[in-house]
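For reference, the structure discussed in these notes is given below.
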Protein chains: 2
Amino acid sequence: MDGPKVIRALGALAQEHRLAAYRQLVQAGPDGMAAGALAEALGVPASSMSFHLAQLANAGLVVQRRQSRSIIYSADYGAMNALMSYMTENCCGGAQCSSGSACDSTPTEAKDAA
Amino acid sequence: MDGPKVIRALGALAQEHRLAAYRQLVQAGPDGMAAGALAEALGVPASSMSFHLAQLANAGLVVQRRQSRSIIYSADYGAMNALMSYMTENCCGGAQCSSGSACDSTPTEAKDAA
DNA sequence: CCAATGATTCTATAATTATCGAAATATAGG
DNA sequence: CCTATATTTCGATAATTATAGAATCATTGG
């Protein structure tokens with residue numbers, strides 16, 4: 001995952017409704033959720049939800065598929081893992097690392113930058 | 001780390017100059033770097049750099065200390081780990097997880113939310 | 001083909017964020 | 001005390017992002 005893409009991903013998540021939407025999608029799992037269901041769950045107008053979902057999709061964090069009239073969104077775990085890898089590799093910069101939680105230093109490059 | 005704080009941290013990192021500054025600080029380690037040195041390293045005017053550093057500080061990602069005339073910034077690894085923990089815990093939502101890289105599921109709460 | 005449903009795109013507007021020169025503030029040294 | 005250095009704050013402006021109603025597009029069922 002390269003710089004610009006990381007910035008887009010971080011920016012996509014750095015917004016109340018989008019972070020909430022993403023969390024909702026993670027919770028929903030592979031089945032995903034329809035745009036309308038998300039809008040209702042978050043209490044956001046459909047057009048606004050669409051705007052936010054487009055940003056998440058543009059950042060590659062979610063994928064969409066049409067199912068009849070609905071468009072189903074689901075979280076792309078690969079993209080999130082790539083983002084986490086980038087952060088992990090760049091939050092300790094070769095130096096020591098606080099060991100406990102995140103920052104477990106995956107070698108150098110994520111194998112899959114979606 | 002709570003929602004609003006996560007959003008501020010993500011937003012702080014979701015910008016070219018700030019991500020670059022943070023990376024630079026991580027690389028610099030505990031010694032940190034002076035504001036002016038960062039500005040020069042990134043090729044950004046001092047006042048702009050100050051603006052960005054203020055955002056990183058507001059998000060708790062960096063700390064500052066005065067050393068004579070200079071103000072030295074350094075990365076706060078605790079905050080980054082808290083952010084990573086939040087993401088880790090919320091990118092797999094109790095469901096299964098792709099195992100390999102990030103997402104190694106630290107129990108439930110980070111002990112230190114700076 | 002027509003009406004109904006689900007979603008996006010358009011459009012306008014508001015709000016936030018970024019940029020950067022100039023002025024102000026703090027520290028050090030002579 | 002005065003000057004130089006390091007940084008921040010101010011102020012004005014540009015650019016980006018968010019909001020939401022209205023219009024449009026796609027799909028389904030009768």
Side-chain angles (χ1 to χ4, degrees), chain A residues 3-25 28 31-76, chain B residues 3-25 28 31-76:
Chain A
K5 196 158 174 55
V6 167
I7 288 172
R8 258 187 304 158
L10 291 171
L13 293 170
Q15 208 276 348
E16 182 190 351
H17 297 318
R18 289 195 295 264
L19 183 59
Y22 185 80
R23 298 228 289 147
Q24 194 84 39
L25 288 179
D31 288 349
M33 278 179 81
L38 275 168
E40 188 169 18
L42 305 190
V44 169
S47 65
S48 297
M49 189 75 259
S50 191
F51 168 79
H52 291 305
L53 287 171
Q55 304 229 26
L56 286 168
N58 174 259
L61 291 167
V62 303
V63 293
Q64 61 199 116
R65 66 181 195 276
R66 177 176 282 277
Q67 181 174 60
S68 174
R69 265 165 298 200
S70 296
I71 292 187
I72 310 290
Y73 285 85
S74 50
D76 182 332
Chain B
K5 197 159 174 55
V6 167
I7 288 172
R8 259 187 303 157
L10 291 171
L13 294 169
Q15 207 275 348
E16 182 189 350
H17 299 316
R18 288 195 296 264
L19 184 58
Y22 186 80
R23 298 230 288 147
Q24 194 83 39
L25 288 179
D31 286 352
M33 278 178 81
L38 275 168
E40 188 169 18
L42 305 189
V44 169
S47 65
S48 297
M49 190 74 261
S50 191
F51 169 79
H52 291 305
L53 287 171
Q55 305 229 29
L56 286 169
N58 174 260
L61 291 167
V62 304
V63 293
Q64 62 200 116
R65 65 180 195 277
R66 178 176 281 276
Q67 182 173 61
S68 173
R69 262 163 301 197
S70 297
I71 292 186
I72 311 290
Y73 285 86
S74 50
D76 182 332

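Residue numbers start from 1 in every chain, and the chains themselves are labelled A, B, ... in the order their sequence lines are given, proteins ahead of strands.
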Looking only at the side chain of [X] (C-beta and beyond, no hydrogens), which of the listed nucleotides [options] gets closest?
X: Phe51(B); options: dG6(C), dT17(C), dA4(D); value: dT17(C)
X: Arg69(B); options: dA18(C), dT8(D), dA4(D); value: dA4(D)
X: Ser48(B); options: dC20(C), dT7(D), dA18(D); value: dC20(C)
X: Ser47(A); options: dT9(C), dT19(C), dT9(D); value: dT9(C)
X: Ile71(B); options: dT28(D), dT7(D), dT19(D); value: dT7(D)

Is any side-chain N or O of [X] closer than 4.0 Å to OP1 or OP2 of [N]?
X: Gln55(A); N: dA18(D); value: yes
X: Ser70(B); N: dT5(D); value: no
X: Arg18(B); N: dT17(C); value: no
X: Tyr73(B); N: dT8(D); value: yes
X: Gln15(B); N: dA15(D); value: no

- prompt: Would you find a donor on one side and an acceptor on the other, under 3.5 Å apart, between the side chain of Arg18(A) and the backbone of Ala20(A)?
  reply: no
field: Side-chain donor or acceptor of Arg8(B) paired with backbone N/O of Asn58(B) under 3.5 Å
entry: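 Checked: pair present.
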- prompt: Side chains of Leu38(A) and Leu25(A): closer than 4.5 Å at any heavy-atom pair?
  reply: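 Heavy-atom side-chain distance check passes, below 4.5 Å.
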- prompt: Given side chains that start at C-beta, do those of Gln64(A) and Leu53(A) come closer than 4.5 Å, heavy atoms only?
  reply: no
[X] [atom1] to [N] [atom2], straight-line distance once rounded to whole Å:
X: Asn58(A); N: dT17(D); atom1: CG; atom2: C1'; result: 13 Å
X: Ile7(B); N: dT17(D); atom1: CD1; atom2: C1'; result: 15 Å
X: Gln67(B); N: dT7(D); atom1: CD; atom2: P; result: 10 Å
X: Glu16(A); N: dT19(D); atom1: CD; atom2: P; result: 8 Å
X: Leu53(B); N: dA6(D); atom1: CG; atom2: P; result: 16 Å
X: Gln64(A); N: dA26(D); atom1: CD; atom2: P; result: 15 Å
X: Leu42(B); N: dA18(C); atom1: CG; atom2: P; result: 15 Å
X: Arg65(B); N: dT8(D); atom1: CZ; atom2: C1'; result: 18 Å

Would you mind classifying the nucleic acid contact of [X] as base, sugar-phosphate or nothing, using non-hydrogen atoms under 4.0 angstrom?
X: Ser50(B); result: base
X: Ala54(A); result: nothing
X: Ala34(B); result: sugar-phosphate

- request: On DNA chain D, check which nucleotide each of Ala35(B) and His17(A) is closest to and give me the residue with the more 5' one.
  value: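 Counting from the 5' end, the first nearest nucleotide belongs to Ala35(B).
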message: Both His52(B) and Arg66(B) contact DNA chain C. Taking the nearest nucleotide for each, which residue is further toward the 5' end?
response: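 The 5'-side residue here is His52(B).
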- prompt: What are the two closest non-hydrogen atoms of Tyr22(B) and Leu61(B), and how far apart are they?
  reply: CE1-O, 3.6 Å
- prompt: Do you know which two heavy atoms are closest between Ala34(A) and Ser70(A), and how far apart they sit?
  reply: CB-CB, 4.0 Å
